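Scroll down for the structure; my scribbles are underneath it.
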Amino acid sequence: MQLTLTVNGTARTFDGDPAMPLLWYLRDGLALTGAKFGCGTGVCGACTVHIDGSPARACTTPMKSAAGKTVVTIEGLDAAHPVKQAWQEINVPQCGYCQTGQIMSAAALLASTPKPDDEDIDAALRGNICRCGTYQRIRDAVKKAAGVTA
Amino acid sequence: MPRSVGRSVRRKDGDDKVTGRALYIDDLTFPGMLHGMTVRATIPCGRIDRVRPAFDTTGFVLVDRHDIPGRNVVAGIMDDQPCLAVHEVRHAAEPIMLVAHEERDALARVHVDIDYTPATPVFEPRWSSECFKSLVIEKGRLDAGFAEAYTVVEGEYRTGHQEQLYLETNGVIAVPEGGGMTVYGSLQCPHYVHRALVMALGLQAGQVRVVQAETGGGFGGKEEYPSILACHAALLARKAGRPVKMIYDRAEDMWATTKRHPSIVRHRTGVTREGRITAMDIDLVLDGGAYCTLSPVVLSRASIHASGPYRCDHIRIRGRAMMTNTPPNGAFRGFGAPQSQFATEVHMDRIAETLGIDPVAVREQNALRPGDTTATGQVLGEDASAVEVLQAAVRKSKYHEKRARWRGTGKGIGLSLFFHGSGFTGSGEVTLASKASVELTAGGVRVLVSSTEIGQGTRTMHAQIVADALGIPYEVVETAAVDTAVVPDSGPTVASRTCMVVGRLLQRAAGDLKARLGRLSPAAYFAAHGPLVVTAEYEPPPGAAWDEQAYRGDAYGSYGWGCHVAEIDVRPDTWAVQPVRMTAVAEIGRAIHPMMATGQIEGGTAQGVAWALLEEVVMRDGAMANHTLTNYLIPTAADTPRIDTVILERPYAHGPFGAKGVGEMPIDGPAPAIVNALRHAGYDVRAIPATPERVMKAGRL
């Protein structure tokens with residue numbers, strides 16, 4: 001079965017197993033390695049990308065669910081995006097492995113809720129685990145990106 | 001020139017990690033690369049009678065123990081662990097065979113029949129007949145100490161396994177090159193891996209090269225474990241003559257790799273009516289799992305920290321690390337000290353309770369001060385800060401006010417006081433003889449160390465130290481990739497030594513370089529005279545002495561000091577414990593990068609809170625039954641309380657700009673503080689994790 005999708009603004013055709021996780025297509029097929037494998041069960045959030053603007057777990061999204069959709073990965077998020085800027089200014093990353101997923105979840109939050117409070121932030125990022133424990137800086141960075149006082 | 005030490009400059013690795021450009025091991029590929037996997041035992045203990053592949057092996061590369069050209073041993077402390085089992089199975093994840101194929105998916109077809117003669121496993125460390133290490137620390141005379149006592153307080157405390165759960169699983173790529181082997185990997189200690197490869201492959205040191213990829217967390221879990229994985233990938237690559245990638249999936253990583261040693265600690269403490277400690281008799285047992293790995297040194301650190309930050313003239317500490325038929329336990333942030341200080345600090349609250357004394361007062365009275373001696377007889381310097389951190393934490397958290405106000409409300413507040421030695425134990429740093437170099441470049445200088453960046457900020461912090469030692473901008477200091485063919489052996493990236501020990505070496509090397517430059521800038525010198533590398537080698541602080549047989553002397557160069565206060569809510573209907581706020585006070589000599597130091601304290605605190613409440617490894621038939629992220633829970637933002645961090649700085653004369661270690665200490669404090677808060681809320685908990693079930697069954701106070 002052939003299916004089409006748009007990844008970071010480029011139209012793509014996929015002609016493989018429609019049950020294959022989107023994450024493998026992005027990483028192995030397109031060499032977009034910014035989204036990471038953490039758990040394979042949609043629990044940790046390291047593979048978060050945007051599908052039609054909403055955050056999604058690429059490791060549990062089969063290719064057939066992405067058919068006809070628009071996918072954006074960390075590589076497709078504008079370098080000047082306020083979330084990326086805030087993340088750099090506040091030195092959020094430690095080991096960094098979860099951070100691209102955190103950033104994608106945060107960017108999706110700000111697109112739907114431009115001025116989030118603590119509860120909005122916690123709810124939106126609840127599915128993104130950081131073992132280094134950068135949660136306090138993540139909250140601060142989301143607020144900085146949103147222009148709300150920390 | 002604005003100094004960079006003490007400022008939260010931009011992380012060297014920040015941009016790559018924010019944009020997704022940072023390349024972790026699974027982001028790398030090599031032409032012709034195969035994917036490898038490990039065939040493991042399925043029983044915890046027994047004899048292997050026959051191994052027979054039961055799948056179509058066409059297109060697969062198979063390796064068994066006969067394919068090992070060197071010694072079938074993972075180089076370590078005891079060299080007791082085989083790369084691949086010979087006849088004996090000692091744990092349920094024991095590697096038996098290796099398989100590789102071009103297609104990762106093809107590995108799902110691998111099926112190997114293994115016939116065993118099972119034997120009876122041992123899972124209870126106190127009943128094991130095999131001891132990896134036992135030791136005794138003695139100070140004064142225990143009987144004299146107990147003779148002075150008004151009463152004796154006894155107790156037994158237990159802690160469970162904990163999985164490091166670095167978000168990036170273990171992984172390596174082995175590339176055969178010119179008769180030798182290069183291994184790229186997610187790892188903390190490239191020279192450990194190098195040594196293991198030389199031994200297992202039977203190669204010369206110069207034929208083996210180890211390169212660190214960007215590493216998605218370690219927390220000790222990538223200290224010694226990557227050695228066996230690197231040997232496995234290299235054996236496959238050698239046989240295939242092609243690069244082999246091995247990346248564990250989450251289940252295998254949780255099932256097979258090392259975890260924090262479970263502990264059973266018994267205390268018998270003599271105290272006067274006023275609360276002065278007169279005698280401490282401590283018995284400590286660690287569950288080492290099936291092979292020795294690092295258990296002897298984990299036991300050393302656990303034992304040396306077992307009397308806590310308290311002065312006492314009469315101490316006996318007996319420690320044992322025992323073999324059991326579970327996958328080997330290993331390094332995890334804190335390295336034994338969290339286990340032993342959990343027991344000490346819960347016991348201290350029980351001493352206070354027995355005597356009817358305030359928990360702060362009993363600690364303040366006994367806290368180690370400058371000039372006091374530790375259990376090993378080490379005389380503490382002016383930077384001994386137990387009293388200061390205790391007072392700061394009590395003040396900041398309003399401990400006494402909340403303790404009085406919350407009684408009987410279901411809320412609880414508890415504290416813990418602790419210390420943590422920086423660097424290798426005893427004469428370890430002398431034996432390591434670490435080196436660190438700085439090299440002139442056309443635009444500045446480059447740092448050459450084998451210390452790895454695993455998230456804690458190695459590159460940034462080292463660059464700051466070198467920049468200030470040379471008086472040049474932070475921005476012109478680069479850090480070399482960690483490649484054993486390029487960087488000197490700075491020792492492993494463990495034991496809170498990367499700043500205090502390796503940072504100090506860099507400060508000295510940079511000082512020497514500055515003297516060589518004279519009045520020229522690095523760039524001007526380079527232009528005039530060309531390349532220059534200056535190396536510093538470890539020298540112990542003057543007068544430091546350690547007796548490894550007697551466990552007497554200067555156990556560590558210096559200690560950090562910490563006090564945590566935990567505030568919790570206990571749900572009366574479910575017994576669920578919600579951590580609400582942690583106050584974390586840490587005296588670390590000097591914060592080279594205050595934001596990263598705070599990040600270490602927040603991260604260690606979050607892991608400690610989760611060790612106390614959430615993270616329960618369920619062992620069934622000697623293996624982790626809950627080896628997924630859906631039933632082994634690690635903290636999300638919602639599980640992590642607000643953490644108020646206070647950093648105090650009492651410079652250590654032999655640390656770079658006064659710095660001591662910070663990475664490990666924050667995980668020593670949260671668990672006892674939380675259990676003491678539970679005690680305040682009316683629950684007598686003596687073992688962690690304090691799951692709702694344990695809290696429900698706990699005695700009521």
Side-chain angles (χ1 to χ4, degrees), chain A residues 17 20 24 27-28 31-46 73-77 79 81 83-104 118 121-139, chain B residues 8-11 13-24 26-29 104 164-169 186 214-219 247 249-251 453-457 460 593 595-596 598-607 610 628-630 634-638 640 642-643 645:
Chain A
D17 182 354
M20 185 173 92
W24 297 135
R27 290 181 55 84
D28 295 346
L32 295 168
T33 55
K36 304 299 181 196
F37 174 88
C39 65
T41 50
V43 178
C44 79
T73 71
I74 188 75
E75 291 90 347
L77 196 67
H81 194 287
V83 169
K84 275 187 175 170
Q85 299 286 326
W87 242 252
Q88 283 163 329
E89 281 164 28
I90 298 188
N91 277 317
V92 175
Q94 287 187 199
C95 88
Y97 199 74
C98 72
Q99 295 297 343
T100 54
Q102 305 275 5
I103 289 167
M104 294 309 282
D118 276 350
I121 296 170
D122 284 356
L125 281 93
R126 180 161 293 157
N128 288 84
I129 292 174
C130 173
R131 186 54 153 172
C132 298
T134 62
Y135 297 127
Q136 296 198 158
R137 290 202 302 287
I138 287 175
R139 248 174 245 145
Chain B
S8 296
V9 296
R10 289 268 191 120
R11 286 184 68 115
D13 51 352
D15 287 1
D16 283 350
K17 287 177 175 176
V18 166
T19 55
R21 282 195 305 264
L23 294 175
Y24 299 81
D26 201 19
D27 302 336
L28 303 176
T29 56
R104 210 189 282 232
Q164 294 88 353
L165 231 138
Y166 29 72
L167 216 53
E168 180 207 29
T169 56
S186 175
E214 197 68 65
T215 296
F219 315 114
I247 309 283
D249 68 12
R250 182 58 63 187
E453 173 68 72
I454 55 172
Q456 79 286 49
T460 304
H593 188 294
M595 192 175 271
M596 293 195 316
T598 302
Q600 287 300 300
I601 293 166
E602 290 174 359
T605 302
Q607 290 176 357
T628 72
L629 268 176
T630 51
I634 65 166
T636 64
T640 303
R642 171 176 159 181
I643 301 165
T645 298

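Chain identifiers are assigned alphabetically (A, B, ...) following the order of the sequence lines, protein sequences preceding nucleic acid strands; residue numbering begins at 1 within each chain. Keep in mind that what you see is a predicted model, and the values were worked out from it rather than measured.
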Closest-packed option against chain A by number of heavy-atom pairs under 4.5 Å, given [options]:
options	value
B:E453, B:M595, B:R642	B:M595
B:G599, B:S8, B:G457	B:G599
B:T598, B:D26, B:D15	B:D15
B:Q164, B:M596, B:H593	B:Q164

Quick one: closest heavy-atom pair of [X] and [Y], and the distance?
X	Y	value
A:Y97	B:Y24	N-OH, 3.4 Å
A:P93	B:G14	CG-O, 4.4 Å
B:G216	A:C95	C-SG, 3.3 Å

Partners meeting side chain to side chain contact (heavy atoms under 4.5 Å, CB included) with A:A86 (sequence neighbours left out) | A:A141, A:K144, A:A145
Sorted by chain and number, sequence neighbours left out, side chain to side chain contact (heavy atoms under 4.5 Å, CB included) with B:T640 holds for A:Y135, B:A606, B:P635, B:I643
Answer with side chain, backbone, both or neither: which region of [X] has an atom nearer than 4.5 Å to a non-hydrogen atom of chain A?
X	result
B:L629	both
B:D13	side chain
B:A638	side chain
B:E168	both

Nearest 0.5 Å, please: how far is [atom2] in [Y] from [atom1] in [X]?
X	Y	atom1	atom2	result
A:W87	B:T19	CH2	OG1	14.0 Å
B:T605	A:Q136	OG1	CD	9.0 Å
A:C132	B:Q607	SG	CD	7.5 Å
B:R11	A:Q88	CZ	CD	12.5 Å

For chain B, which of A:T41, A:I103, A:L77 has the most heavy-atom pairs under 4.5 Å?
-> A:I103
Specify which of A:I74, A:V43, A:T100, A:N91 makes the most heavy-atom pairs with chain B at under 4.5 Å.
-> A:N91
Counting only heavy atoms closer than 4.5 Å, note whether [X] contacts chain B via side chain, backbone, both or neither.
X	value
A:K84	both
A:E89	both
A:I129	both
A:R126	both

Apply side-chain contact (heavy atoms from CB on, under 4.5 Å) to the pair B:E602 and A:T134, showing each step before the final yes or no.
-> CA-CA 7 Å; B:E602 290 174 359; A:T134 62; over 6 Å; no
With distance as the sole test, does B:D27 use its side chain to make a donor-acceptor pair with the main-chain N or O of A:G34 at under 3.5 Å?
-> no
A:Q94 versus B:Q600: any side-chain heavy-atom pair under 4.5 Å?
-> yes
Given side-chain contact (heavy atoms from CB on, under 4.5 Å), test A:R131 with B:I634 step by step and report yes or no.
-> CA-CA 8 Å; A:R131 186 54 153 172; B:I634 65 166; 3.7 Å; yes
